Amino acid sequence: MELLDFARGPALQFGLYAFVIGTVWRILGILLLAAKPDHSAARKAGGFMAALKVIYTRSFTADAFKQDTLYPKILGYLLHIGLFVTVFLFVPHILFFKGLIGLEWPGLPNNIIFFVGVITAGVGVALLVRRLTNPVLKLISNFDDYFSWLVTMAPIITGIIIPIRFGVRYETLLAVHILSVALLLTWLPFGKLAHAFLVFFSRGTTGLVLERRGAKT
Amino acid sequence: MKQKPTLGEVLQAKGVSRRGFLKYCAATASLLALPPAMVPRIAQALEAARRPSVIWLSFQECTGCTESLTRSSSPTLEGLIFDSISLDYHHTLQAASGEAAEAARHAAMEENRGNYLVLVDGSIPLGNPGFSTIAGISNVDMLTETVADAAAVVAIGSCAAFGGIPGANPNPTGAVSVSDLVTDKPVVNVPGCPPIPTVITAVLTQFLTFGQLPDLDHYGRPRAFYGQTIHDRCYRRPFYEQGRFAETFDDEGARKGWCLYKLGCKGPITYNACATVKWNQGTSFPIESGHPCLGCSEPDFWDDGGFYRPVSTARIGGGAAFGTAVAAGAAIGVAAAAMSRRRQQKTIKEG
């Protein structure tokens, strides 16, 4: 079996199954947890809208912190937008998703994807440098942070290298790219990258709790 | 033994002009990525070369490779050179049959011991010797006997090079490639379904000129012809970069000649010279005719997930498998939550 056959066959299959199993496991495991005993009366009636509000408002920095967090905030947005564009708007990726879920949507030209990919990789490196140079951030970082960075950046960097080649055969680079995606999918539900789907639950829960206490959100 | 005429003498007798001959030599040097300084050497060597003895063995094949080489619409210099080799055995083309044909093969092997070339098209069945026989001789026995004293072996077409369609899943005859069986002789793979005729003759020309086989890639293919992908040299590549794709075979994109990636083109992972050398005297190649590349010069192209499935489509199980994964994830999640609740209740009771 060639490396590419292994990558887009068993390896990707393993990654996708691990992703599906892990995601359903984590979501259900958290949603079915028993709520803490509630011994106080709510100041305000918590509701779905309160959860939605915090999901939205926490996407922006509070005024008091705007100046201090501007740099990481911009980098964070660039990284996430870059990941979205490169993953979901590159035509070969769209065809991959079409094969999985049967849905297709318009893509962007390759040179735009490549440009966004390079920017995203650069932003990723800048975020790593910040993590390594900021004393507080460095202190609170653990293996999960660094490994999650690695498995996120690997598909981006291997994807950028494919059109450049550097003398390596296309199918070898493609296989390495797909293997890096398989690793990302396998790790995503179990590490800090699980925020991709848990972020909405955690923010929503925060919204419900704060609403109940009558706090301004 | 009668001295065989040189290739130069044969071509001269067939009315090939010196200019035409040199043009062929220059084109061959270019195809083989050799410097222009090599053209006189190619010409000199080819003119002086005695007609090499070639034994062509056809096993599990469709004769498409022979057709590719012989069915050109007009006589070409490549064709003339092919005619000029001493094709001592080819059971599709030779007049002799039965015992006379086999006698011709044995005579050629005897007279040219250590110097003849063996060209093979078709895969070799190992499942049962009776699956494919010639004159009652199994393919594997004929190949083993014939290559024993050969100078080199050229596997013509994807069946001989990689097992091809006979070797496709579930490979009912146990088909294998030439290189699976021939390990003590130089083997050049010239895959394709069929291969480009120019590539076949260029490999022969290099052997006649330099007495050695061309530089090969990890699949045993001449790098000069199989060094780049179809996608790399495709004239539709700019459309791929611009994100302009034909969605169906008769939509606007197809009529405008946009990229065929979405229609399953295997150009990005197929190494061959179709986009540069082209077919039918350089007229066109499949993509130019509006059809995606099938990837026929790559191993197991027949089993590569379907001709019309895009390269980036995942080769993974269907919805049932994902349903099982969701159910497994749900079971683990419910179990984890239940354990957590038990722990929580226990803590409350104790606390």
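Here the structure is a predicted model, which means the values were calculated and not measured. Letters A, B, ... mirror the listed sequences (proteins, then strands); counts begin at 1.
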Geometric class of the A/Phe88/A/Phe84 ring pair [parallel <30°, tilted 30-60°, perpendicular >60°]
tilted

What residue in A/Gly29, A/Gly22, A/Gly99, A/Ala18 has the most heavy-atom pairs under 4.5 Å with chain B?
A/Gly29

Partner of B/His291 under ring-ring contact (aromatic ring centres under 6.0 Å, His included), chosen from B/Phe285, B/Phe307, B/Tyr308
B/Tyr308

What part of A/Phe90 is in contact with chain B, defined as an atom under 4.5 angstrom from a non-hydrogen atom: side chain, backbone, both or neither?
side chain

Could you check which of B/Ala336, B/Ala330, B/Gly243, B/Ser312 has the highest count of heavy-atom pairs closer than 4.5 Å to chain A?
B/Ser312

I need the residue from B/Arg341, B/His231, B/Gln344 with the largest number of non-hydrogen atom pairs under 4.5 Å to chain A.
B/Arg341

Taking atom types as modelled, find out whether B/Asp250 and B/Thr248 have a side-chain donor-acceptor pair closer than 3.5 angstrom.
yes

What part of B/Asp300 is in contact with chain A, defined as an atom under 4.5 angstrom from a non-hydrogen atom: side chain, backbone, both or neither?
neither

When A/Leu95, A/Leu28, A/Val20, A/Leu16 are compared by non-hydrogen pairs under 4.5 Å with chain B, the top option
A/Leu95

Test: A/Arg169 cationic atom under 6.0 Å from B/Tyr271 six-membered ring centre, within 45° of axis:
yes

At a 4.5 Å cut-off on heavy atoms, which part of B/Glu247 comes close to chain A: side chain, backbone, both, or neither?
side chain

Region of A/Leu4 in contact with chain B, defined by heavy-atom distances below 4.5 Å:
side chain

Could you go through B/Val311 and B/Tyr261, starting from their C-alpha distance and side-chain angles, then the distance that decides it, and tell me whether this counts as side-chain contact (heavy atoms from CB on, under 4.5 Å)?
CA-CA 8 Å; B/Val311 169; B/Tyr261 186 90; 4.0 Å; yes

Heavy-atom distances under 4.5 Å only: say whether B/Pro310 touches chain A with side chain, backbone, both or neither.
side chain

Proximal component of A/Arg26, with respect to chain B [non-hydrogen, under 4.5 Å]:
neither

To the nearest 0.5 Å, how far apart are CD1 in A/Ile74 and CG in A/Leu79?
13.5 Å

Would you compute the distance between atom CZ of B/Arg237 and atom CD of B/Glu241 and round it to the nearest 0.5 angstrom?
4.5 Å

